[in-house]
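A, B, ... follow the sequence lines: proteins, then strands. Residue 1 opens every chain. Everything numeric here is computed off the predicted structure, so don't read it as measured data.
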Amino acid sequence: MSLQNKLAEAFKVNTKNVTVENYKKEAFEAFSQKGFPTTKDEEWKYTSLRSILKNEYGIESAKATSVTAETIAPYLVEGLDSYKLIFLDGVFQASLSDTIEEVSVKLLSEAIEDASYEDVFKNKYNSLAKGQTSLTDLNTAFTNEGVIIEVAKSKVVSKPVELVYLASGETAAMLLQPRNLIIVGENAQVKFIERHQSIADVATFNNVVTEVFVGQNGIFDLYKIQNDKNNASLVDATFVSQERDTVASVYTFSFGGNITRNNLSFSQNGPGCDSILNGVTILEGDQLVDNHTLVDHKSPDCQSNETYKGIYGGKSTGVFNGKVIVDQAAQRINAYQQNDSVLISDSATINSKPQLEIFADDVKCSHGCTIGQLDKSALFYMQQRGIPKVEAEALLMFAFCSDAIKEVKIPALKRKINQLMADKLGVNIRFDEI
Amino acid sequence: MLKIENLHAKVEGNDILKGLNIEVKPGEVHAIMGPNGAGKSTLASVVAGNENYEVTDGKISLDGEDLEDLSPDERAHKGIFLSFQYPVEIPGVTVTNFIKTAINAKRKSQGLEDMPAAEMLKKIREKAALLEIDKTFLSRSLNEGFSGGEKKRNEIFQMAMLEPKLAILDETDSGLDIDALRIVANGVNKLKSKDNAVVVITHYQRLLDYIVPDFVHVLADGKIVKSGGKELALELEAKGYDWLK
């Protein structure tokens, strides 16, 4: 049976919350009509999900066996004092997670049955994701767990929040569809680290949706670490809605996994917004990472700054599609976009496409795209100083990516990223000291 | 120390070196002069092991060891240093961290541990002072946005840090004003000893007022066409190169 038919059979609405029930019905209807995207769809031209849709996924969350702190340790950021929220096969793991008093944390499964969340469901939940793509609809129809996090007005959260969604892989292949909603209050500041990770090498398909609202003068940072097993795929949709004078940053570090598709959408709804979208992709083998970004400038006097760097080896494929819309009312916008790729193998591919739609006349929009190979003269220079070729190459690749990493504000996370990069590049260099 | 015999080399199919011989002994300073296109930079690149150049005949040896099969980094570990005519910009790697990486790579090849941080720092400070290099300069990305003079000074700073056995200075004087030239030359002279050697490649005689050569060779059309003492450089400056052809 095809996955779509299987989903049709499994769909049921059993929540006690009419609002959510309606979202689910509507979303299921929309998904049934659209189905999974194919490469005939312009937005999915270079990314085929066919190979991962043929797996026999379990759709219900399996009753997870337990997992120990030691097992999950490698997937956390070493030496980082953070608030951890751990899920296993879609089930919250209270014993491995931290209690957070600084912010309000509510599991989606509990919020649905809590009348005090009715406003949140009516006004925030699904308001950004609704009808966006068939996969966001699929998530809305089937999701049964995730977190709703609210940061109160003027609260500066003292530690980053680490959101870790694990797949045990102990049963069969699994389709996991977590759903997050983050509401950052006016003048509040908070940082998140998000990871989806399989523990065993069983096919996993993560279809994730996160909606973020940043209130006036708020500052929001989200760091996505994507270094999953070769059999795990991820389709992520993250929506960030910014009110006036906010700064929102999303970093996407993609080093692993099978097929990874990141849909990142920012909307600037008031003047003085700053959106930062940075990404580093390092791939080998048959891996594919597709970064689709959208910045919708709806208000004047805003900025967006986008830097994506990619290194592609083996037969890997990269896709970058960066769309910037500047509405007519959005005067004096400064939008910068840069996508640079290095191909270190003859069989690797990058498809890079900037897409600018500008309806205002007083704006500065720049976009740049480079595709190249490692600079041979730089390699010779470094080797001449005694640095062996492999390390010289790694150093050049690290330096190439540095623009997209240097602004990472959490030192322990920066160390972790540097370590993951060194591992991926096959060298034992402590890049933090470079 | 360095012995080059009947060296033939080509790049992109063009024969550049056509039977070059030279021998450099410890404690000596040699100057190689010659017109543009004579093969001076090719010689420097070939000795350093640049893979874009193909050695078609002849032999290069250092302390009796044939360099043919050694990669550029292995040659560097043996003590060969090339000060580049056009140093390469490496954004994202600072001067300090680059030189640390280079020194520790050499130590690793000798089976030594990394240089202790305090020792490294002391050495960096000492050599930076020798070349009148400012502290802020050291935390900038390697050669990125450096002026021509800063790049050359940085090359000699790295040479001072790495303490090579054989230093080849390829047009180190180009882009240097007279004050910077004095600083750079002074740095080179301070590093000179009876155990190491310097090969200065230059188009003009001026640098040789400061780094005084024991021997001057004229390279033209891929061969050494004339050798002599330091007075040859003055003659070349006055007469140009045409009379040698």
Student: What part of A/Leu379 is in contact with chain B, defined as an atom under 4.5 angstrom from a non-hydrogen atom: side chain, backbone, both or neither?
Tutor: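 No part of A/Leu379 comes within 4.5 Å of chain B.
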Student: Does the side chain of B/Glu51 come within less than 4.5 Å of A/Lys389's, by heavy atoms?
Tutor: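 Yes, close enough: below the 4.5 Å cut-off.
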Student: What are the two closest heavy atoms between B/Gly49 and A/Phe380, and how far apart are they?
Tutor: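 That closest heavy-atom pairing would be C-CE1, 3.9 Å.
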Student: With chain A as the partner chain, list the residues of residues 109-128 of chain B whose heavy atoms fall under 4.5 Å from it, by residue number, and write 'none' if nothing qualifies.
Tutor: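 Under the 4.5 Å heavy-atom cut-off, B/Asp114 qualify.
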Student: Inspect the surroundings of NZ in A/Lys159 and state if more than 12 heavy atoms from other residues, nucleotides or ligands are less than 6.0 Å away.
Tutor: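 Yes - once you tally the heavy atoms of other residues, nucleotides and ligands closer than 6.0 Å, there are more than 12.
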Student: Quick check on A/Asp346: does its CG atom have over 12 non-hydrogen neighbours (other residues, nucleotides or ligands) under 6.0 Å away?
Tutor: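 Check fails, neighbour count at 12 or below.
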Student: In chain order, what residues pass the salt bridge (charged side-chain N to carboxylate O under 4.0 Å, His left out) check against B/Lys18, with sequence neighbours excluded?
Tutor: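 Partners of B/Lys18 under the salt bridge (charged side-chain N to carboxylate O under 4.0 Å, His left out) test: B/Asp221.
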Student: For the candidates A/Cys401, A/Ala392, A/Ser402, A/Pro388, which exhibits the highest count of non-hydrogen atom pairs separated by less than 4.5 Å from chain B?
Tutor: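 So the answer, after comparing A/Cys401, A/Ala392, A/Ser402, A/Pro388, is A/Pro388.
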Student: Count the heavy atoms belonging to other residues, nucleotides or ligands that lie under 6.0 Å from OH of B/Tyr86, then report whether that count exceeds 12.
Tutor: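 Open.
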Student: Can you name the residues of residues 56-84 of chain B that have some heavy atom under 4.5 Å away from a heavy atom in chain A?
Tutor: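 Result: B/Ser71, B/Pro72, B/Asp73, B/Ala76, B/His77, B/Ile80, B/Phe81, B/Leu82, B/Ser83, B/Phe84.
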Student: Is B/Asn104 in contact with chain A via its backbone, its side chain, both, or neither, using a 4.5 Å heavy-atom distance?
Tutor: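 No part of it gets close to chain A.
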Student: Relative to chain B, which segment of A/Asp375 carries a heavy atom at a distance below 4.5 Å: side chain, backbone, both, or neither?
Tutor: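 Only the side chain of A/Asp375 comes within 4.5 Å of chain B.
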Student: How many angstroms lie between CZ in A/Arg385 and CE in B/Met159, if you round to the nearest 0.5 Å?
Tutor: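 That separation rounds to 10.5 Å.
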Student: For A/Lys353, does the NZ atom have more than 12 heavy-atom neighbours from other residues, nucleotides or ligands under 6.0 Å away?
Tutor: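 Counting other residues, nucleotides and ligands, NZ of A/Lys353 exceeds 12 neighbours.
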Student: More than 12 heavy atoms of other residues, nucleotides or ligands under 6.0 Å from NZ of A/Lys424: yes or no?
Tutor: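 Check passes, neighbour count above 12.
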Student: Does anything in residues 162-173 of chain B reach chain A? List residues with heavy atoms under 4.5 Å apart, or say none.
Tutor: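 Only B/Leu162 of residues 162-173 of chain B have a heavy atom under 4.5 Å from chain A.
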Student: So, do A/Tyr381 and B/Ile90 sit near enough that their side-chain heavy atoms are less than 4.5 Å apart?
Tutor: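 The answer is yes, as the side chains (C-beta and beyond) meet within the 4.5 Å cut-off.
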Student: Would you call B/Gln158 and A/Gln384 a side-chain contact if the rule is heavy atoms closer than 4.5 Å?
Tutor: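 Counting from C-beta outward, B/Gln158 and A/Gln384 never come under 4.5 Å.
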Student: Distance from A/Leu395 atom CG to B/Phe98 atom CZ, nearest 0.5 Å?
Tutor: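 It is 7.5 Å, given to the nearest 0.5 Å.
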Student: Of all heavy-atom pairs between A/Ala399 and B/Pro91, which one has the smallest distance, and what is that distance?
Tutor: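 Shortest heavy-atom contact: CB-O, 2.9 Å.
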